[in-house]
Enquirer: 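Okay, here's the structure, questions in a sec.
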Amino acid sequence: MAGTITEKILKDHIIEGEAKAGSEVALRIDNTLTQDATGTMAYLQFEAIGIDRVKTEFSVSFVDHNTLQTDFKNADDHIFLESIAKRYGLYFSKPGNGICHQLFLERFAKPGNTLIGSDSHTPTAGGMGSFAMGAGGLDVACAMAGAPFRIKYPKIVGIELTGKLNPWVSAKDVILEVLRRVDVKGNVGKVFEYFGPGVKTLSVPDRATITNMGTETGCTTSIFPSDDVTLAFLQAQDRGEDFKRIEPESDAVYDEVIKINLSEIEPMVALPHSPGSVKRVREVGPIKVEQVAIGSCTNSSLRDLKVVSKILKGKTISEKLHTFISPGSRQVVEHLVEEGDYVDLVRSGVRIMENACGACIGMGCAPASNSVSVRTFNRNFEGRSGTRDAKVYLVSPETAAATALKGVLTDPRDIGEYEDIKLPDSFIINDNMIIKPLSEEEAQQVEVIRGPNIKPLPSFEPLPDALEGNVLIKVEDNITTDHIMPAGARILPFRSNIPEISKFVFEAVDPDFYKKARENNGGFIIGGENYGQGSSREHAALAPKYLGVKAVIVKSFARIHLANLINFGIVPLTFKNPEDYDKLDEGDKLVVEIGDLSEDCVLKNLTKGTKIELEHTLSEMDAQILKAGGKLPWIKKQF
Ligand code: MIC
Ligand code: SF4
């Protein structure tokens with residue numbers, strides 16, 4: 001039976017395995033995307049696989065994260081990426097063109113296609129009816145080489161939308177409401193599929209805001225139907241020919257249904273430091289705010305920034321705070337300029353930044369010490385803004401703009417009349433910063449340019465049958481990849497230099513981690529629930545591996561990080577009895593007999609003289625990959 005849109009799309013893409021929740025399936029991948037911060041590593045891996053040209057229908061390489069260029073490093077990466085794209089048949093979007101997910105939605109995403117991207121917010125394209133998933137760079141490299149992508153066939157959660165959003169309430173409030181209900185953990189292996197009469201009241205960019213931040217629930221992806229609204233959006237992007245209708249059957253069966261009446265949603269806010277700590281803006285009250293930041297792949301579409309410009313038009317932002325705006329793409333900027341919104345924004349006193357990730361990943365605009373920053377982004381993890389003690393609140397563009405005017409967190413319903421935003425019937429199309437794939441003959445002539453920031457890939461040995469070492473660190477629940485491998489302007493430039501970036505592993509949690517890992521010749525990481533939530537950065541596995549981490553033993557894992565650990569030969573294990581977490585301490589000397597990983601294993605704590613039962617969810621192939629020392633040596637053998 002294929003009644004849901006997830007079932008319909010997956011049925012057309014499964015090349016191995018059974019369509020049964022929890023069982024592993026191999027999916028044909030139509031498209032891939034990368035961004036620069038994960039892309040350099042992904043393409044080094046693609047080169048190492050040894051394929052002459054990408055095998056997907058099309059693949060796109062974007063540059064949007066590391067655009068600060070304080071020295072040669074980021075610029076080296078950009079040139080490497082451009083030359084790689086030309087050499088291997090990819091589209092290349094130049095720095096300054098915009099944020100990968102916004103651009104992919106505007107210019108590339110196709111309903112019914114499968115997409116994986118080396119960025120956790122790849123599900124943004126689910127707003128267009130693509131089945132789009134975040135993945136580690138190595139998995140994206142393998143998909144570009146023509147290999148299928150393996151996932152556990154998902155549980156399909158239907159989110160039934162009824163009603164219509166009230167003025168001053170927007171898509172961001174919808175996804176914040178979803179997060180309020182389902183939180184950031186416990187959703188691994190689920191797809192959130194939106195259906196019901198409320199769907200047609202949301203535009204494609206609105207839907208994309210929802211699927212984008214769906215990532216924060218930890219699900220495999222989120223997806224909307226492809227309907228008349230999708231067709232109109234594609235036509236306005238001059239891509240009508242990419243349309244394919246994909247709607248659920250009336251008798252579609254969902255594993256679980258969540259009902260949301262859009263008419264009842266109010267302006268919402270996620271409190272520091274979790275996107276799942278959601279309350280109504282009214283409940284939180286008029287707290288003092290020092291900074292407002294508007295943009296990111298969640299809320300930087302034309303509609304979102306026009307709302308902001310309408311609110312700020314003819315007014316001045318509060319003198320008590322600073323406001324930054326980073327538009328999602330040049331298309332957005334061109335419209336804002338032509339329609340007069342840009343000047344309204346500038347006159348109001350906001351600071352307009354580049355069309356890039358910017359503040360969202362700590363590339364500038366860090367808030368002042370111990371201050372409050374209200375942002376339209378999707379993540380408010382501690383320290384991610386670049387300021388350790390800043391408190392980041394996540395809101396809609398309406399709430400952000402109202403807050404910018406008032407200087408305190410403000411429910412936008414308190415600022416006056418709402419002006420409806422109409423999207424253009426045809427967007428301004430200007431693809432002159434997208435370099436098209438070269439022909440096979442031309443591509444052969446291209447030399448890949450490697451500046452000094454592009455370091456060779458480290459290589460790793462096959463795993464022994466017993467892992468021995470000390471506990472290097474013991475951490476709590478909900479550790480994010482930002483804790484494990486921080487980003488920001490200081491560290492991101494080392495994304496193509498593993499020896500250097502590994503010095504920053506767990507920096508904010510334990511500044512001595514690097515030293516301890518070195519002195520102990522590697523060891524074990526112990527963690528709680530939802531370990532590795534957040535980004536897709538494989539550096540959060542690769543850098544610990546480089547430091548000799550052998551296994552990560554936790555109560556539960558986030559999906560993408562779990563896959564990344566396997567890809568780089570770190571054994572991901574969970575406690576059979578979660579209380580056993582309490583029986584381990586930093587410094588304990590452990591032995592874990594893993595054998596061929598076909599069975600669960602036992603941990604011997606030599607320091608305490610105790611034994612702990614561990615389990616894993618590894619498939620036979622995962623076990624082989626791990627034993628081989630990671631996916632790269634393993635896949636090279638397959639080709
Ligand atoms: C993020 O939002 O954390 C990032 C930066 O986009 C990451 C990717 C990365 O770390 O490069 C993500 O979400 O996957
Ligand atoms: Fe960029 Fe932020 Fe989106 Fe990540 S979440 S892709 S850093 S804008």
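For ligands, and for the atoms within them, numbers begin at 1 and follow the listed sequence. Since this is a predicted model, take the numbers as computed values, not measurements.
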Enquirer: Taking only heavy atoms of R379 into account, list the atoms of ligand 1 that are under 4.0 Å away from them.
Expert: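 Answer, ordered by atom number: 1 (C), 2 (O), 3 (O), 12 (C), 13 (O).
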Enquirer: Could you tell me whether R384 approaches ligand 1 through its side chain, its backbone, both or neither, with non-hydrogen atoms closer than 4.0 Å?
Expert: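 Looking at R384 and ligand 1, just side chain atoms fall under 4.0 Å.
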Enquirer: Quick check: are there more than 12 heavy atoms from other residues, nucleotides or ligands sitting under 6.0 Å from CD of E476?
Expert: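 12 or below, so no.
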Enquirer: Just jot down the ligand 2 atoms closer than 4.0 angstrom to any heavy atom of H65, in number order.
Expert: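 Those qualifying, in numeric order: 1 (Fe), 4 (Fe), 6 (S), 7 (S).
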Enquirer: Could you list which atoms of ligand 1 come closer than 4.0 Å to a heavy atom of T38?
Expert: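 Reading through ligand 1 atom by atom, the close ones are 9 (C), 11 (O).
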Enquirer: Report, in ascending order of atom number, the atoms of ligand 1 lying under 4.0 Å from any heavy atom of S536.
Expert: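 The list of qualifying atoms is 12 (C), 14 (O).
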Enquirer: Could you tell me whether R495 approaches ligand 1 through its side chain, its backbone, both or neither, with non-hydrogen atoms closer than 4.0 Å?
Expert: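 Side chain only.
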Enquirer: Quick one: closest heavy-atom pair of R559 and G134, and the distance?
Expert: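 Between these two residues, the closest heavy atoms are NH2-O, 3.1 Å.
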Enquirer: Out of all atoms in ligand 1, which are within 4.0 Å of some heavy atom of A37? Include the element for each.
Expert: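 Listed by number with element, the hits are 11 (O).
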Enquirer: Taking distance alone, with N or O pairs closer than 3.5 Å, would you say S120 contacts ligand 1?
Expert: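 Yes.
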Enquirer: With a 4.0 Å cut-off, would you call R495 and D36 a salt bridge?
Expert: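 Looking at R495 and D36, the cut-off is not met.
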Enquirer: Please evaluate residues I223 and V191 with respect to the criterion side chain to side chain contact (heavy atoms under 4.5 Å, CB included), reporting the C-alpha separation (whole Å), side-chain torsions for both, the decisive distance (0.1 Å), and the verdict.
Expert: CA-CA 8 Å; I223 189 164; V191 166; 4.2 Å; yes
Enquirer: Looking at ligand 1, would H539 count as a contact under a 4.0 Å heavy-atom criterion?
Expert: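 No, H539 has no heavy atom closer than 4.0 Å to ligand 1.
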Enquirer: Given the rule in the ring pair (Phe, Tyr, Trp, His ring centres under 6.0 Å) test, do F460 and F568 qualify, once you have shown the distances and angles that lead to the verdict?
Expert: CA-CA 8 Å; F460 304 117; F568 293 100; 7.1 Å; no
Enquirer: How far is atom 8 (C) of ligand 1 from its nearest protein heavy atom, and which residue and atom is that?
Expert: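 Of the protein heavy atoms, Q35 NE2, 3.2 Å lies nearest.
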Enquirer: For atom NE2 of H335, is the number of surrounding heavy atoms from other residues, nucleotides or ligands below 6.0 Å larger than 12?
Expert: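 It does: H335 NE2 has more than 12 such atoms within range.
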Enquirer: Of the side chain and backbone of D119, name the one, both, or neither that has a heavy atom under 4.0 Å from an atom of ligand 1.
Expert: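 Near ligand 1, D119 shows its backbone as well as its side chain.
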Enquirer: Before we go on, tell me: are the rings of Y91 and F108 under 6.0 Å apart, centre to centre?
Expert: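 Here the rings of F108 and Y91 have centres that are less than 6.0 Å from each other.
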Enquirer: Are there over 12 heavy-atom neighbours, none belonging to K279, within less than 6.0 Å of that residue's NZ?
Expert: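 Open.
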Enquirer: Taking the side chain as every heavy atom from C-beta outward, state whether L27 and P148 have any pair of such atoms under 4.5 Å apart.
Expert: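 A side-chain contact is absent here, since even the closest heavy-atom pair is not under 4.5 Å.
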Enquirer: Check this for me - ligand 1, R537, N or O atoms closer than 3.5 angstrom, yes or no?
Expert: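 Min N/O separation from ligand 1 is below 3.5 Å for R537.
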Enquirer: Just to verify, which of P486, P275, S274 counts as forming a side chain to side chain contact (heavy atoms under 4.5 Å, CB included) with F381?
Expert: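 Among P486, P275, S274, the one that satisfies the side chain to side chain contact (heavy atoms under 4.5 Å, CB included) with F381 is P275.
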Enquirer: Between F80 and Y43, does the ring centre distance come in under 6.0 Å?
Expert: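 Aromatic pair excluded; centres sit 6.0 Å or further apart.
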Enquirer: Counting non-hydrogen protein atoms only, what is the nearest one to atom 12 (C) of ligand 1? Give residue, atom name and distance.
Expert: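 Among all protein heavy atoms, the one nearest atom 12 (C) of ligand 1 is S535 CB, 3.1 Å.
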Enquirer: Which atoms of ligand 1 have any heavy atom of H65 under 4.0 Å away?
Expert: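 Here the atoms of ligand 1 in question are 4 (C), 5 (C), 6 (O).
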Enquirer: Should the ring pair Y531 and F506 be called parallel, tilted or perpendicular, given that the plane angle runs from 0 to 90° and is split at 30 and 60?
Expert: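 Judged by the thresholds at 30° and 60°, the geometry between Y531 and F506 is tilted.
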Enquirer: Mark yes when over 12 heavy atoms from residues, nucleotides or ligands other than R181 sit less than 6.0 Å from its CZ; otherwise mark no.
Expert: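 Buried by this count: over 12 neighbours within 6.0 Å.
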Enquirer: Could you give me a count of protein N/O/S atoms that are under 2.8 Å from atom 3 (Fe) of ligand 2?
Expert: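 Count of protein N, O, S atoms less than 2.8 Å from atom 3 (Fe) of ligand 2: 1.
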